[in-house]
There are 2 protein chains.
Amino acid sequence: MLARQRHQEILNRVGRAGAVRVAELARWLNVAEETIRRDLEKLDGEGKLIRTHGGAMPLPEDRREVPFDVRRAKHSAEKERIGAAAARFVGEGDIIALDASSTVYCLARALPDWPLTVLTNSMEVATLLMSRPRIQVVSTGGMLDVASQSFVGSFAEEALSRLHIGKLFLSSKGVDLVRGLSEAADEHARLKRRMMDLADETYLLADHSKFGVKSVVFFADLKDVDMVITDRGVDPAVLPELDRHHVRSEIAE
Amino acid sequence: MLARQRHQEILNRVGRAGAVRVAELARWLNVAEETIRRDLEKLDGEGKLIRTHGGAMPLPEDRREVPFDVRRAKHSAEKERIGAAAARFVGEGDIIALDASSTVYCLARALPDWPLTVLTNSMEVATLLMSRPRIQVVSTGGMLDVASQSFVGSFAEEALSRLHIGKLFLSSKGVDLVRGLSEAADEHARLKRRMMDLADETYLLADHSKFGVKSVVFFADLKDVDMVITDRGVDPAVLPELDRHHVRSEIAE
DNA sequence: ACCGAATATGCCCGATTATGCCCGAAATGT
DNA sequence: ACATTTCGGGCATAATCGGGCATATTCGGT
């Protein structure tokens with residue numbers, strides 16, 4: 001039986017019975033309990049059921065469908081991997097900031113399940129993390145930019161200054177080794193700059209297509225970044241160059 | 001039976017019976033009383049019921065933070081009418097504020113299609129209005145409260161002070177002619193108070209079931225309200241009383 | 001078709017959680 | 001005031017979990 005098939009089967013049974021136990025499922029589906037646990041972990045992570053000690057329960061009625069479309073534009077596999085790799089730098093109790101970008105959204109989905117405070121200007125990230133009980137979400141507020149579904153403007157920028165950020169995870173339209181990070185819109189650039197100024201550490205999430213690209217507004221030097229997380233498609237010449245700027249880097253496998 | 005399942009069952013019985021005893025629950029659910037005690041301790045800690053000696057009781061009706069979808073469903077016809085009536089007070093180019101309540105959400109849906117600036121602390125209102133190109137949405141930001149899907153906290157409160165609000169539309173858990181408006185949670189109460197202080201005019205949207213109800217935290221007098229919009233089910237004695245306080249009122253037909 | 005990588009699965013073991021039992025202390029009812 | 005019920009904490013036990021490791025299967029690229 002295929003793993004996916006098993007997942008469906010589990011969801012079916014959870015939905016009908018109201019609750020299932022790991023041992024039950026293991027017997028019923030002829031797999032080890034470890035496998036069932038991994039299945040439940042995955043399904044819980046996807047928000048399709050709720051894991052409990054000893055088994056799982058269906059979602060409470062009132063949270064089954066989030067009103068907004070949780071449609072996700074193409075998460076290229078690279079972005080997923082970069083997000084997962086970045087998630088490993090998040091420690092328990094950390095105060096982290098996430099910007100409004102699709103790569104960072106992937107990180108949000110991969111965040112570990114422990115107490116965290118997450119500051120974000122992205123509506124989508126906020127909505128996503130609302131279903132994670134151990135995560136405290138804080139939003140900058142500000143003018144709502146429809147295109148990026150995020151808050152921008154001087155209001156958002158000044159709101160930031162009252163906060164502390166441990167680790168900032170951001171992305172940018174372009175990453176040039178000489179000119180640094182760039183964005184297409186000034187308002188987004190300014191906000192990212194502000195976030196970097198306030199953060200103890202800055203992690204740049206950039207898939208290989210971002211390197212060498214210069215967008216319109218430059219907002220930071222590469223040397224202001226503490227670590228770059230990218231994917232295997234990156235030009236091999238880039239990593240030594242980062243090293244030369246004392247920027248750590250990691251390739252998400 | 002899973003622990004979580006038992007918790008659900010306990011909440012069910014408490015909710016339906018009004019009160020339960022530890023011994024009863026232990027017998028019904030086939031576990032030791034110690035287990036039930038631990039369950040009750042946990043549920044009480046989560047604010048889902050109130051422990052008493054020998055058993056537990058449900059939360060008083062008016063201090064329950066009902067999830068948004070549920071609130072929206074309740075009295076929806078009246079709320080729709082009230083929202084539509086309130087929308088007629090919104091003029092072109094107005095700067096209005098909307099709080100996080102289901103009635104005001106109905107107003108948001110009924111907003112006229114002309115240029116507007118809308119300040120809100122509700123994620124759902126912000127999401128809804130994102131699809132309205134002529135409406136500029138501004139959010140307070142702050143800590144995200146999951147139950148109400150809205151931003152609260154001192155952060156949100158202070159963010160407000162930098163803004164101007166023309167007309168504020170809000171609702172509240174309870175409206176008492178003598179004691180005024182009340183909310184179940186302090187953080188919501190404080191924010192609403194702050195909004196009222198900053199607004200030129202305050203419109204209270206309250207269906208008839210709100211009148212005479214006293215929740216936990218009072219945050220404003222009726223005389224601070226400029227206009228009350230309610231429905232036909234309201235006690236006829238209420239309107240003259242409002243008049244006596246120089247509060248205008250309207251019944252949404 | 002072949003090989004290395006990614007994925008899925010199973011097994012083992014120390015850590016965590018859930019539960020039940022016991023007993024002295026606190027609360028309750030008569 | 002006294003008998004009874006209920007509570008809370010300490011302890012023991014069993015179920016469950018999570019992570020590390022090994023093996024098998026599938027996938028992807030040549």
Side-chain angles (χ1 to χ4, degrees), chain A residues 1-11 13-14 19-46 48-57 75-85 87-88 90-92 106 109-115 133-134 207-208 231-234 236 250-253, chain B residues 1-11 13-14 17 19-46 48-57:
Chain A
M1 171 182 272
L2 294 166
R4 282 295 179 67
Q5 233 178 326
R6 204 176 50 236
H7 293 169
Q8 273 311 115
E9 212 47 65
I10 291 174
L11 288 174
R13 182 142 173 157
V14 171
V20 286
R21 337 197 84 250
V22 172
E24 249 173 42
L25 288 171
R27 231 176 320 121
W28 191 43
L29 300 167
N30 287 314
V31 290
E33 302 197 353
E34 285 82 346
T35 305
I36 296 295
R37 283 199 202 97
R38 277 184 271 245
D39 290 345
L40 295 182
E41 192 173 3
K42 187 168 193 310
L43 292 169
D44 177 273
E46 292 170 2
K48 292 181 179 163
L49 49 70
I50 292 176
R51 251 193 109 182
T52 75
H53 206 88
M57 302 191 46
H75 305 120
S76 58
E78 280 97 356
K79 289 183 178 177
E80 295 282 2
R81 273 197 291 273
I82 292 173
R88 284 199 287 275
V90 178
E92 183 160 351
C106 289
R109 295 203 311 178
L111 281 176
D113 191 28
W114 53 44
R134 307 171 75 170
D207 64 75
H208 67 272
D231 62 77
R232 265 178 304 188
V234 73
E250 174 161 318
I251 305 241
E253 297 296 351
Chain B
M1 172 180 266
L2 295 168
R4 277 299 222 328
Q5 226 178 334
R6 203 177 49 236
H7 294 167
Q8 282 300 117
E9 194 55 42
I10 291 174
L11 287 175
R13 285 174 193 262
V14 171
V20 286
R21 335 203 76 245
V22 172
E24 270 170 18
L25 288 172
R27 227 173 326 118
W28 280 331
L29 302 168
N30 287 314
V31 290
E33 302 195 355
E34 284 84 345
T35 305
I36 296 295
R37 282 197 203 98
R38 277 185 271 244
D39 289 344
L40 295 182
E41 191 174 2
K42 187 168 187 330
L43 292 169
D44 177 271
E46 292 171 2
K48 293 180 178 162
L49 50 69
I50 292 176
R51 252 193 108 180
T52 70
H53 207 86
M57 299 186 46

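Atom set for the values below is all heavy atoms of this structure, side chains included, hydrogens, waters and symmetry mates excluded.
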_Polar pair under 3.5 Å, donor/acceptor by atom type, side chain A:Arg38, base D:dG18_ = no
_Can you measure A:Arg21 atom CZ to D:dA14 atom P for me and round it to whole angstrom units?_
16 Å
_hbond_proxy A:Glu34 side chain to C:dC12 base (donor-acceptor, 3.5 Å cutoff)_ = yes
*In terms of side-chain heavy atoms of A:Thr35, which of C:dG10, C:dT19, D:dG8 is nearest?*
C:dG10
*Quick one: on DNA chain D, does B:Gly54 or A:His53 contact a more 5' nucleotide (nearest heavy atom)?*
B:Gly54
*Just how far, in rounded Å, is P of C:dA18 from CG of B:Leu43?*
12 Å
*Look up atom CZ in A:Arg21 and atom CE in B:Met1, then write down how far apart they are to the nearest 0.5 Å.*
10.0 Å
*Calculate the interatomic distance between A:Gln5 atom CD and C:dT9 atom P; express it in whole Å.*
11 Å
*Would you indicate, yes or no, if D:dG8 has its OP1 or OP2 atom less than 4.0 angstrom from a side-chain nitrogen or oxygen of B:Arg51?*
yes
_Reported CG-to-OG1 distance for the pair A:Leu29 and A:Thr35, which is rounded to 0.5 angstrom_ = 10.0 Å
_Expressed as a whole number of angstroms, how long is the span from A:Arg37:CZ to C:dA8:P?_
18 Å
*Rounding to a whole Å, what distance do you find between B:Met1:CE and D:dT16:P?*
15 Å
_For A:His7, is there any backbone N or O sitting under 3.5 Å from a side-chain donor or acceptor partner on A:Asp39?_
no
*Do other residues, nucleotides or ligands put more than 12 heavy atoms under 6.0 Å from the CZ atom of B:Arg51?*
yes
_Please pick, from C:dG20, C:dA8, C:dC11, the nucleotide with the shortest atom-to-atom distance to any side-chain atom of B:Ala32._
C:dG20
*Roughly, in whole Å, what's the span from CD in B:Glu24 to P in D:dT5?*
15 Å
*Give the angle between the helix axes at the two ends of the helix from C:dA1-D:dT30 to C:dT30-D:dA1, taking five base pairs at each end and rounding to 10°.*
60°
*asked:* Please determine whether a side-chain nitrogen or oxygen atom of A:Arg6 lies at a distance below 4.0 Å from atom OP1 or OP2 of C:dT9.
replied: yes
*Atom CZ of A:Arg27 and atom CD of A:Glu33: how far apart are they, to the nearest 0.5 Å?*
9.0 Å
*To the nearest 0.5 Å, how far apart are OG1 in A:Thr52 and CZ in B:Arg6?*
10.5 Å
*Working to the nearest 0.5 Å, report the span between CG of B:Leu11 and CG of B:Leu43.*
5.0 Å
_What is the distance, to the nearest angstrom, from the CG atom on A:Leu2 to the C1' atom on D:dA24?_
15 Å
*Shortest side-chain distance from B:Val31, nucleotide among D:dC17, C:dG20, C:dT9*: C:dG20
